[in-house]
Amino acid sequence: VNILGNTQQKTFTVIYDVDKKRIGFGAKGCN
Amino acid sequence: AAEGSEPKKWHVVSVSSLLPSTACTAAKAASKSSALRVVHRHGPCSPLHARGDAPSHAEILERDQDRVDSIRRRIAGASAIISDADRVADSKTVSLPARWGIPLDTTNYITTVGLGTPPRNLSVEIDTGSDLSWVQCKPCARCYEQQDPLYDPAQSSTHSAVPCGSRECQKVEAQRCAADDKCRYDITYADKSHTNGTVVRDALTLAVSHALPGFVFGCGHDNDMGPYDKIDGIFGLNRGKVSLPSQVAARYGGAGFSYCLPSSPSAEGYLAFGGAAPPPNAQFTEMVNGAEPSSYYLDLVGIKVAGRELEIPPAVFAAGGTIIDTGSVISRLPPRAYAALRSAFVRSMAAYRRAPALSLLDTCYNFTGHTRVRIPSAALVFAGGTTVSLNARGLLFVSTVSQTCLGFASTGDETT
């Protein structure tokens, strides 16, 4: 299995939209 | 670097900006009142920081490999593990079966929650790769030293036990019923660290005025997390039936959540639940099903470096699927994909001196003497064309100025 680890997730808003079965990424999420 | 509508092909960054500050930079007041503060476990923003004794980068990466190995074992051998567990249960032995491969050993981000009534603040790791939340708990037969006072059920007016035959107990994957009708759990991790205890429920305060009554979690009476962990427990965020998002959804409707992991140990991020509108710049990709039902899978199909898509057949990524995991530090790619990424990165970095490998990271550079460095942009391409451009901190793993590495590794196996 491939892994998308936390180094690559840093600073993005990562959105787990479980109801719509989708995952989102928004840049500069911690600001 | 190209600006405007064209994606950047290069990042030009100050070398000093890649290194973490020794002081905590507090986040601005969150617009999301229900958001929890998220910090790196070993950074200056962490309540655990004052204790020191953080692991080295090499030790973090070695534990990261243990975690990824455990994820692979869980996927490859789940049926065999369950058979072993059942065999032990059938023999009616007192000791509970250890569940291997529940990968919790290197989660790196923590948040603070309130547990009980009145709420006691506890610092817990957040982990999208696990299900049952747990904290160290009185009475404690064997607990490691932690930051805060132990959670004491006797001091909470809203604590109650979860009976063996209850629906909540049946939802816990690693549970076993005991003769005293208490619902017990037992988890052993990839590095042989473990927690076991009873499944209980109590009020959980996520933020001011955001309480979750009857939160089901593990009350750990016998715990060993290895030499570095001083955390009070772990909170599971995966798709399992007793994970925190699942319990939030059961109470409030909608299992969605979002987080931002800070770019540096000295900065803060957040974890938020509920139906807040996604940021306008968010790009979505389909959440797909994989071999491990409680994990979050994405359909990764390509990688771009410096604006050019690498020549990697999509089937290379499809063989094992791709899990998104807050608890793994380094992303793992199939060997052919990693080789293509590494080659493109090395070509783009020809101006810089190479440095020795760092544990599983084999492509490292020495930036000593440089105030600014120019590194290629990289982007992950998902099914449907969603393209997520990584910033410099998402491409590099910075140990020191003299040893800064490409922050990806190979799975070592094309077929999994």
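Convention: sequence-line order gives letters A, B, ...; per-chain numbering from 1.
By the 4.5 Å heavy-atom criterion applied to side chains, B:S246 and A:V18 are not counted as neighbours. At a threshold of 4.5 Å between non-hydrogen side-chain atoms, the residues B:T411 and A:N2 count as touching. Looking at heavy atoms from C-beta onward, A:K10 lies in side-chain contact with B:Y109 at the 4.5 angstrom threshold.
Atom CG of residue B:L333 and atom CG of residue A:L4 lie 9.0 Å apart, to the nearest 0.5 angstrom. In this structure, the separation between CD1 on A:I23 and OH on B:Y296 is 7.5 Å, given to the nearest 0.5 Å. Rounded to the nearest 0.5 angstrom, B:L298 CG and A:F25 CZ are separated by 5.0 Å. Remark: B:M287 CE to A:R22 CZ distance equals 9.5 Å, nearest 0.5 Å. The distance from the CG atom of B:N391 to the OG1 atom of A:T11 is 4.0 Å, given to the nearest 0.5 Å. The line from CD of A:Q9 to OG of B:S331 is 7.5 Å long, rounded to the nearest 0.5 Å.
A donor-acceptor pair under 3.5 Å is formed between the side chain of A:T7 and the backbone N or O of B:V329. Side chain of A:Q8 to backbone of B:G407: a donor-acceptor contact under 3.5 angstrom is found. Between the side chain of B:D325 and the backbone N or O of A:I3 there is no donor-acceptor pair closer than 3.5 Å.
B:T386 does not touch chain A: none of its heavy atoms, backbone or side chain, sits under 4.5 Å away. Contacts between B:L396 and chain A at a heavy-atom distance below 4.5 Å involve the backbone alone (N, CA, C, O).
A:F12 approaches B:S389 most closely through the heavy-atom pair CZ-O, 3.0 Å. The two residues A:G26 and B:P279 make their nearest non-hydrogen contact at CA-CG, 4.5 Å. Heavy atoms only, all atoms of each residue included: A:C30 and B:L261 are closest at SG-O, 3.6 Å. In terms of heavy atoms, B:N281 sits closest to A:A27 at ND2-O, 2.9 Å.
The aromatic rings of A:Y16 and B:Y259 sit tilted relative to each other, their planes meeting at an angle between 30° and 60°.
Partners of B:D299 under the side-chain contact (heavy atoms from CB on, under 4.5 Å) rule, at least two apart in sequence or in another chain, are B:V288, B:V301, B:A383.
Considering only heavy-atom pairs separated by less than 4.5 Å from chain A, the leading option among B:I330, B:T285, B:L390, B:L395 is B:T285.
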